[in-house]
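Below is one structure, written out as structure tokens; comments come after it.
Throughout, protein chains are lettered first and strands after them, A, B, ... in sequence-line order, and every chain is numbered starting at 1.
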Amino acid sequence: MEILTLAAKIGAYALMTGVLLFALGVVALRNLFHSALCLAAALIGIAGLYLFFRADFLAAVQILLYVGAVMTVIIFAIMLTEHLSGKTTIQHNRQSLPAFLGIAALVTVIAKVILQTPWPVTQKALGAHTSVEGIGTALMTVYVFPFEVISVVLIAALIGAVIIAKRENPS
Amino acid sequence: MSGAGCGKEYGKFVKKSVPFFGWGVLCGLWVTLKNFITSYFRKPDEGGIFTVQYPEECLPDFEASRNFPFLVYDETPEKPRCVACGICERECPVKCIHVLMAKDENGKPLRRPAAFDIDYSLCMNCGNCEEVCPFNSIFMDHEHKIAAYDRKDLMRPMQKLLKSNSYFHSIRPRDAEAIDRAIKEAAEKKKAAVPAKPAPSPEAPKS
Amino acid sequence: MTLIPVEHVLIFSLLLFAIGLYGTLTRRNIIGILISIELMLNAANINLVVFAKTTSLSPETGQVFAVFVIAIAAVTVAVGLAIVLALYRSRKTIFADEVHLLKW
Amino acid sequence: MVSLFREKTQRADGQVLEINFGPQHPSTHGVFRLHTLVDGETIREVKPVMGYLHRNQEQISENLTYTGFIGFTDRMDYINAIPNNFSFVLAAEKLAGIEVPERADHIRIIMAELARIVNHMAVVGFLLNDLGAAFTPLLYAFRERELILDIFEDLTGSRMMCNYFRIGGVKSDLSEQHLATIKKMAARLPKFLDEFETLLTNNEILCMRCQNTGILSPETAVNSGITGPALRASGVNYDIRKTDRYSLYGRFDFKVPLGKTGDVYDRYYVRILEIRESLNILRQAVAALPRGEFINKKTAAFIRSPRNFKPPVGEAYARTESPKGELGFYILSDGTPQPWRCHARAPSLINLSALETMCVGQKIADMMIILGSIDIVLGETDR
Amino acid sequence: MIFDPVFIRLKALFLDLCARFFPEWVVMLASIVISAVVILVMGPVIMMYLTLLERKLLGRIQNRYGPNRVGIWGLLQPVADGIKMFIKEDIVPAHADKIIHLLAPVVTVVPSLMVFLVVPFGNGMTAVNLNIGILYFVAISSITTIPIFMGSWASRNKFSVLGGMRAAAQMISYEAPMTLAIVPVIMASQTLATATIVESQGGGFGMNWFIFTPWGLLGFIIYFFCAIAECNRPPFDLPEAESELIAGFHTEYSGMKFALFYMAEYMNAFTLSAIAVTLFLGGWQGPFLPSWIWFFGKTFLLVCVMIWFRGTFLRFRVDHLMGFAWKFLLPLSLINILIAGLWFLTPAIAAWALTAGLVVASFFVFVKLNKTFVPEKRTYVLAD
């Protein structure tokens, strides 16, 4: 049976490198439409990762919300703003070198911190498989206040987006 | 001018009111369902399936239907009725008939066509040539399978155009008898009046 | 979950966050910036889930917070793109460095 | 491709697209281009571009005899040839002062009304096909239309290119057997019409799509010279069969259906009512068919020798109520067997002039059904 | 019923066979591979014979025969279509974005195949019994907007961009009512897993399928309309409306790529009606016949209803489409959740009367609110 676990491990690492590659695609590609599609692929990869962590409710929500809704809005925006000819202008501004150096420094610092701290991995948590019912009850009992606040924020965003994007109808 | 008021307002043609929102659509669904079910057992002429499986079955041709012209000969293809007078060539609206009168060795015109071509790719099946021909020699055929790989094949020479009088009887029985009767009468009148100047060309009353 | 040590996943989400940050800083197109912000939010989400699975007492908290983060991300995209559309309609351009009325 | 709207697309804000609903588009009923300026889904401007099917028919008529040209008039409004023959022959008779025997006139009216039914069924069928009913109403309408086309083939020799009318009468007589099939068809058609109406007239989606789209007010209709069902759907009571009473239309009593708002729905339903009225006339004409010859004795000879038909010098204009509108033929004769000038007043061309006023502000999907509802045929528009 | 688990026994037999020769993990792998292969074979075959079924039924509605030249009753017609699609030249427009143009058909087919994972074909015959079954189905069916965008944007042609925009707008606005129409079913069966949903509808000679409850009927109607909209079939086939946009987002596709789009559309139609059967028509529950015959019978019945709709309905316009979803179906589905809640709280008899009355009342209230949808009454003058 350990072959299957080995296969799962290799699968997880492959998935992670895949997501990183797609993320690089998002940042580096000149054509905006291609980078949006790379983001979609990265999000699906991350949903796969959640499945690997046996958080299947979250994987489904991630695909439903991110890939289904957020990506569609982004592609709508791309379609409305880019004219069909699609001649790609330069996509990166001048600060790319200083930004790269700064981020590299940040990464080394945080990586050192991650590798040194002894993460308290408790055996009990590993076994527990969070089911959909668990999340449902948590949402409705412990986190009911943030749940209501989120719905208010969503309504506010909805109305705000409509007002900003609404075109004053031509007379 | 606007006649909205001047006619009697017919209540009958007020569009029927719809009991509830989805009613019209449900009636439409009922009509298609009814057609679907009855298509299995209704006879073709009252609304059943009337498709004809073309290559195997074929719709019977109507007698008067006109497709492409053809020449008639009485006994042998060498003696067609046509006398190469050229009236049909002149009257054809699309100019698709070309006639050449035969000449014997010392140049005297014979009353026979040497060449009679009809360009089937130009012909529009109007049937004028059949009407204007004084010698009842050109008629409209029923045969419509004339597809060809090359436009040159559609230029029909005389040999291909000539068809026997019996074929003419087979496709258009009524017209054929009327014309034969007219020709027989004209022949007797001519025999009876042989001493006198031959009668003018026989008037074929079109039935 | 015991298959992969926690550190590897954290390194992975750190790299993802770094790529997102790089994208936000260097892209000229505002939609490109919004896309990179999405990447950063996702990196944070992965951390939430991993910590919930390995270290916390009640395993659902991580996933519930992840759901809230996804909702917030949807809000940012919706409002951000509404602004982008209004901007495109009035200025015909959506390049961040060309929209510089406040700069003198 | 020079763009008519080049400067407009640059200046306008928002997503202004310049789309060509090009010559080979599935729903423009033939070769016809709509050069449209579209903002999102709503239409800003429409410029019809025609002339793809111009065959120079009027020039050809100048070196053809009158009988020879009748074959060409079939090809103008190729959906039904009879109304074209009718008005050309009427113009020639008015020019030469030939009167038509009773039986010939009755046969002409029977054929004209059959052609009107054929045309309205085809138009309603194609309009609903544009609306997307996957061919079902079209095939129901065509199932009945086949019966009439069989009558045409049996009588005139060809289903659509009839070439049946001659100056002074018709080419061949209407036998008893033809009358029987016409009566059988007339008996069966109302049953079909009721079924067609239950399928469609109260259909919610049809009402949603067609009501209040492409509204043509009576004033603009009259000013832009629209005639036919499109005009009557806007409420203007103008039917040449009633105003001119040409041929024998004075003897038959029939009604002229008028709409009120003049939108696509009214144009669709006025055509269905007109089919019922045509059936009415057909029954009366078949009942009142007298005996006698089917062509004026003097002009019968001209069939055999068209060159002898030399109308006097002069001009004549005769118009009839073709299913698409007022179809008129103006013939100028210089005494020779060939007309000096022969011009056809094609209703499709003139009905197109109101297309832009109807389409501006509507959606793209509506433009197609508005075009379908005013029922144009490119053979007649471009001649 | 000996026929019922025939496929399960077949698979078990095969697994014992290979258990003798291979180690333990290969057997586990084999069982996954078997169900995967069955789905990968069954999907396209179902799609092929759905196209034939559609052309035959449409023919019969329109008083003509369907295809009957290839094979006895035209049974080999799908094979002929398949060969035709292989042979046809694959045209890629000059300015098109080559990679995305190639990728779009692939990305359409993948989600429609993945949905088969969750469909309960028979008693114990679900490929993978995920405990988030229905949520997985909703998530995967929400991905289908992305390939439509890819297809329309990559072809660089105005018609396909318009078609793409319309398709995406339609997909999103019909996803909301569909998801909300599923909620009452989850409330009734207390679980997301499809197999247990079907089990909770068992017994009583089919009388306690969910469709026989007022909220179930309303939910089924809403779900069915959204399912038709989701797979772009008439009366919602606006994105590829031939009369206006030629073929919408797959205008520039031909040959095998077009076949993939075509296959995805029909597989979507099959899976959406399969899920409709699972949720509302009691999946494989049925008195005598084996379970999978019940399932396939009901699904094909629903697909025939979709084909029947295609033969009768006209096409919606874009704003009607949106209005119908947001202003009519969405409020109805929200009210439906309320009604389902009342249904579980009130005792039996009162529950029936109350909920049935509420369902009818809400239908008429929302019809009144949407004045534009109700057709006007027209009068016609017959002047002389």
Just so I understand: if I count every heavy-atom pair under 4.5 Å between each of [options] and chain C, which residue has the most?
options	answer
A:Val153, A:Leu115, A:Val19	A:Val19
A:Ala8, A:Ala99, A:Ala23	A:Ala23
A:Leu65, A:Ile46, A:Leu20	A:Leu20
A:Ala138, A:Pro146, A:Ala12	A:Pro146

Heavy-atom donor-acceptor pair, C:Arg89 side chain to A:Ala165 backbone, under 3.5 Å =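 Pair found, side chain donor or acceptor close to backbone of A:Ala165.
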key: Whether C:Tyr88 side chain and A:Thr81 backbone form a donor-acceptor pair below 3.5 Å   =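 Checking the backbone N and O of A:Thr81 against the side chain of C:Tyr88, a donor-acceptor pair under 3.5 Å is found.
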message = Within the supplied structure, the quantity of interest is the number of heavy atoms (other residues, nucleotides, ligands) at a distance under 6.0 Å from C:Phe65 CZ; does it exceed 12?
response =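 No, the 6.0 Å shell around CZ holds no more than 12 heavy atoms from other groups.
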Quick check on [X] against chain C: is it the side chain, the backbone, both or neither that has a heavy atom closer than 4.5 Å?
X	result
A:Ala104	neither
A:Leu43	side chain
A:Leu49	side chain
A:Ile114	both
A:Ile150	side chain
A:Ala69	neither
A:Leu106	side chain

In terms of heavy-atom pairs under 4.5 Å with chain A, which of [options] leads?
options	answer
C:Thr24, C:Asn45, C:Thr76	C:Asn45
C:Val84, C:Leu34, C:Leu16, C:Leu15	C:Leu16
C:Val75, C:Ile35, C:Val77	C:Ile35
C:Leu14, C:Leu21, C:Leu85	C:Leu14
C:Leu10, C:Leu39, C:Ile70	C:Ile70

How many angstroms lie between [atom1] in [X] and [atom2] in [Y], if you round to the nearest 0.5 Å?
X	Y	atom1	atom2	answer
A:Ile74	A:Met79	CD1	CE	14.0 Å
A:Ile44	A:Tyr66	CD1	OH	14.0 Å
A:Leu39	A:Phe22	CG	CZ	11.0 Å
A:Met71	A:Phe76	CE	CZ	13.0 Å

Atom of C:Ala73, atom of C:Leu41 and distance for their closest heavy-atom approach =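 Looks like CB-CD1, 3.5 Å.
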C:Leu81 portion near chain A, given a 4.5 angstrom heavy-atom threshold =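 Contact with chain A: side chain only.
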ask   = What part of C:Val49 lies closer than 4.5 angstrom to a heavy atom of chain A: side chain, backbone, both or neither?
value =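 The side chain, not the backbone.
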task = Answer with yes or no after comparing the ring centroid distance for A:Phe57 and A:Tyr50 against a 6.0 Å cut-off, counting only values under it.
result =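 Not under 6.0 Å, so no.
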Stepwise side chain to side chain contact (heavy atoms under 4.5 Å, CB included) check, A:Ser35 with C:Arg27 = CA-CA 11 Å; A:Ser35 66; C:Arg27 272 197 94 95; 4.0 Å; yes
task = Measure up the C:Tyr22 and A:Phe100 rings against each other and bin them: parallel (under 30°), tilted (30 to 60°), perpendicular (over 60°).
result =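 Rings of C:Tyr22 and A:Phe100: perpendicular, over 60°.
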